[in-house]
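For reference, the structure discussed in these notes is given below.
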Amino acid sequence: MYIDRYERIWIIISAFVLIALFGVLLYSYYGQGIHLETNVGQVLPQDVPTTPPFDNPGLHEIGPDEYDLVMIAQAWAFNPREVTIPAGSTVHFKMTSTDVLHGFKILGTTVNSMVMPGQITRVTYRFREPGEYLFVCHEYCGAGHHVMSGVITVE
Ligand code: CUA
């Protein structure tokens, strides 16, 4: 079969790009350990109020400038919806939903996650700059979706 010289070159280049990108993928997974969080925990929606840590929602200091923030999402509010922390704090969010699929996005940060009934969501973020950080639900969850928000005050 005759293949034009330039066509052959481009076939080789595109095959090389595919192999290189696949190599990068393997390296990031096995070499750098970068992957989606899996199996971080489950809790039945009806058991949320009685299951630690969700039986005690809110901010809990666990070390110097380090906090656990246990948060429950339900139509159409976050509990707690207002939190105040000192600047430089590292916050470990532990979240779940008691009803439907919600989202959790903190504006101006890289925090952007889903909050699912039955599943526990864990996210860690360090708040370096003081300010008011609005967080919102970004998965449509019903009539009150647009009012489902809160604020983290970093001072
Ligand atoms: Cu909760 Cu949209």
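Note that the structure is predicted; figures quoted are calculated from it, not measured. Whatever order the structure lists them in is the order used to number ligands and atoms, beginning at 1.
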Whether Met148 has an N, O or S atom under 2.8 Å from atom 1 (Cu) of ligand 1: yes

Under 3.5 Å donor-acceptor, Thr96 side chain and Gln119 backbone: yes

Heteroatom N/O/S of Cys137 within less than 2.8 Å of atom 2 (Cu) of ligand 1: yes

Residue His102 atom name (nearest to atom 1 (Cu) of ligand 1; N/O/S): ND1

Atom 2 (Cu) of ligand 1 to His145: nearest N/O/S atom name: ND1

O (Glu139) to atom 2 (Cu) of ligand 1 to SG (Cys141) angle, given to the nearest 10 degrees: 110°

Non-hydrogen side-chain atoms of Phe93 and Leu69 separated by less than 4.5 Å: yes

Donor-acceptor under 3.5 Å (His102 side chain, Glu139 main chain): no

Closest heavy-atom pair and its distance - Ile152, Phe127: CD1-CZ, 4.0 Å

More than 12 heavy atoms from other groups under 6.0 Å of CD on Gln46: yes

